[in-house]
Amino acid sequence: MHFALELLKRIPRQRKISAAELHQQMTEAGWQRDLRTVQRQLDELSQNFEIDRDDRTRPYGYQWKDQAKGLSVPGLNERESLMLALAEQHLRNLLPAEVMKSMSPFFAQARTRLAPHNDGHAQTRAARDWMKKVRVVSTTQPLLPPAIKPGVFDAVSSALYANCWLEVEYQNSSNRRVTASVMPLGLAQQGPRMYLVCRFKGYDNERSLALHRVISASATTLEFERPKEFDLQKFDDDGRFGFGDGTKIRLVIRVGKAAGLHLLESPLSADQVHREVAGDYEISATVTRTEQLKWWLRGFGDELRVVSPRGLLGR
């Protein structure tokens, strides 16, 4: 894990250095790796960091780009360590696997910097303690994330990152298996679950595949042109992750004051309005009609009644 970090430390800013030179330096420092391993690591680092690879002639030369800011090399300070420690916790499933892999030396260095054996430094202590002072809290019953089969996330994120077709074998909730070529368009984390938004080959509509139901996945080298009309934000706004089709409705509900107070503080929409009726709140807002909306409304039990549209909850 520390090998890539040691290489980054040795890449200069003012001149180019070859893989052979770096290999010699690393060998003298006690790192037993062959030249090909050093070359592969350098190629990966130059794809993910501001490192210039001069491949006009052999041997290739490597140096930090003039405008490169990067992270503190050779060492991370307390603030950078804190930022990276939080990023590792919360962005693990939202970054391409290759990026997470290339960042692993920095994550490791951040953990080391914030480790208890560095308690002698007040800033280090404060940064580590901050990790215990913040938390992302679930708004629903907490669930453990379903297991994703080894290699699936790496293949999916690689294909999504490079706009390449993806070969998948998928088993849906009815246990039906399909093998297909899909065009990966987006990744979304919904609570503990990860979903791939994609188009099946030969179709022009989007579907969401739960990653834990993907039996196997393989990224191809065949590139595709990303559809200009697709927008992941709009896909989400249309309620597609909540099992809807984008239909907007004017929802009017009556809810007890105690149960509905939080809806005045965190409105359902920008055009929400409310009034008091017979000791309750009557709240009106434009929302997307989804199954998730119905589940949420039913969760209020007898504290809530849907005034409009009639029949929304089937009763």
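Residue numbers start at 1 and run along the sequence shown.
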Stepwise salt bridge (charged side-chain N to carboxylate O under 4.0 Å, His left out) test for Arg199 and Glu229: CA-CA 13 Å; Arg199 287 186 182 180; Glu229 71 276 12; 3.0 Å; yes
Quick one: closest heavy-atom pair of [X] and [Y], and the distance?
{"X": "Thr288", "Y": "Asp237", "answer": "OG1-O, 3.2 Å"}
{"X": "Phe153", "Y": "Leu187", "answer": "CE1-CD1, 3.8 Å"}
{"X": "Thr290", "Y": "Gly239", "answer": "CG2-O, 3.5 Å"}
{"X": "Lys294", "Y": "Leu312", "answer": "CE-O, 3.5 Å"}
{"X": "Ala97", "Y": "Ser157", "answer": "N-OG, 3.1 Å"}
{"X": "Leu268", "Y": "Val287", "answer": "CB-CG1, 4.1 Å"}

Short side-chain to backbone donor-acceptor contact, [X] and [Y], under 3.5 Å:
{"X": "Gln25", "Y": "Arg10", "result": "no"}
{"X": "Trp64", "Y": "Ile11", "result": "yes"}
{"X": "Thr220", "Y": "Leu222", "result": "yes"}
{"X": "Glu21", "Y": "Ser18", "result": "yes"}
{"X": "His23", "Y": "Arg33", "result": "yes"}
{"X": "Asp271", "Y": "Thr286", "result": "yes"}

Run the numbers on Glu88 and Arg111 for salt bridge (charged side-chain N to carboxylate O under 4.0 Å, His left out), then give the verdict. CA-CA 10 Å; Glu88 184 180 21; Arg111 289 193 297 271; 2.7 Å; yes
Could you check whether any side-chain heavy atom of [X] comes within less than 4.5 Å of a side-chain heavy atom of [Y], counting everything from C-beta outward?
{"X": "Ser208", "Y": "Phe241", "result": "yes"}
{"X": "Leu84", "Y": "Leu82", "result": "no"}
{"X": "Thr179", "Y": "Val168", "result": "no"}
{"X": "Tyr281", "Y": "Leu261", "result": "yes"}
{"X": "Leu7", "Y": "Leu45", "result": "yes"}
{"X": "Arg193", "Y": "His212", "result": "yes"}

To the nearest 0.5 Å, tell me how far [X] [atom1] sits from [Y] [atom2].
{"X": "Leu143", "Y": "Gln141", "atom1": "CG", "atom2": "CD", "result": "6.5 Å"}
{"X": "Leu232", "Y": "Leu185", "atom1": "CG", "atom2": "CG", "result": "8.5 Å"}
{"X": "Met131", "Y": "Leu114", "atom1": "CE", "atom2": "CG", "result": "7.0 Å"}
{"X": "Cys198", "Y": "Tyr203", "atom1": "SG", "atom2": "OH", "result": "12.5 Å"}
{"X": "Gln171", "Y": "Leu209", "atom1": "CD", "atom2": "CG", "result": "13.0 Å"}
{"X": "Met183", "Y": "Glu206", "atom1": "CE", "atom2": "CD", "result": "9.5 Å"}

Run Val197 and Phe235 through side-chain contact (heavy atoms from CB on, under 4.5 Å) and show every step you take. CA-CA 9 Å; Val197 182; Phe235 187 87; 3.9 Å; yes
Any ion pair linking [Y] and [X] (charged N to carboxylate O, less than 4.0 Å)?
{"X": "Glu50", "Y": "Lys65", "result": "no"}
{"X": "Arg40", "Y": "Asp34", "result": "no"}
{"X": "Arg240", "Y": "Glu291", "result": "no"}
{"X": "Asp43", "Y": "Arg53", "result": "yes"}

Please confirm whether Arg213 makes a cation-pi placement over Tyr170, using NZ or CZ under 6.0 Å from the six-membered ring centre and within 45° of the ring normal. no
So, [X] versus [Y]: side-chain donor-acceptor pair below 3.5 Å or not?
{"X": "Arg250", "Y": "Ser284", "value": "yes"}
{"X": "Ser269", "Y": "Gln272", "value": "no"}
{"X": "Arg289", "Y": "Thr247", "value": "no"}
{"X": "Glu167", "Y": "Ser218", "value": "no"}

With a cut-off of 6.0 Å (strictly less than), are more than 12 heavy atoms of other residues, nucleotides or ligands near [atom1] of [X]?
{"X": "Phe230", "atom1": "CZ", "answer": "yes"}
{"X": "Arg254", "atom1": "CZ", "answer": "yes"}
{"X": "Arg79", "atom1": "CZ", "answer": "no"}
{"X": "Trp130", "atom1": "CH2", "answer": "no"}

Please determine whether side-chain contact (heavy atoms from CB on, under 4.5 Å) holds for the pair Ser46 and Tyr62, giving the CA-CA distance in whole Å, both sets of side-chain angles, and the decisive distance to 0.1 Å. CA-CA 8 Å; Ser46 25; Tyr62 301 85; 4.1 Å; yes
Working for side-chain contact (heavy atoms from CB on, under 4.5 Å), residues Leu251 and Leu293: CA-CA 10 Å; Leu251 177 69; Leu293 172 66; 4.3 Å; yes
Group every Ile, Leu, Val, Met, Phe, Trp and Tyr by side-chain heavy-atom contacts under 4.5 Å, then state whether Val307 and Leu313 land in the same group. no
Would a single hydrophobic cluster contain both Ile51 and Ile17, if residues Ile, Leu, Val, Met, Phe, Trp and Tyr are joined by side-chain heavy-atom contacts under 4.5 Å? yes
The criterion is salt bridge (Lys or Arg N to Asp or Glu O under 4.0 Å); which residues satisfy it with Arg177, sequence neighbours excluded? Glu169
Residues two or more places apart in sequence or in another chain: which of them pass salt bridge (Lys or Arg N to Asp or Glu O under 4.0 Å) with Asp238? Lys234
Walk me through whether Val152 and Ile215 qualify under side-chain contact (heavy atoms from CB on, under 4.5 Å). CA-CA 8 Å; Val152 166; Ile215 298 167; over 6 Å; no
Classify the ring geometry of His262 against Phe300: parallel below 30°, tilted from 30° to 60°, perpendicular beyond 60°. parallel
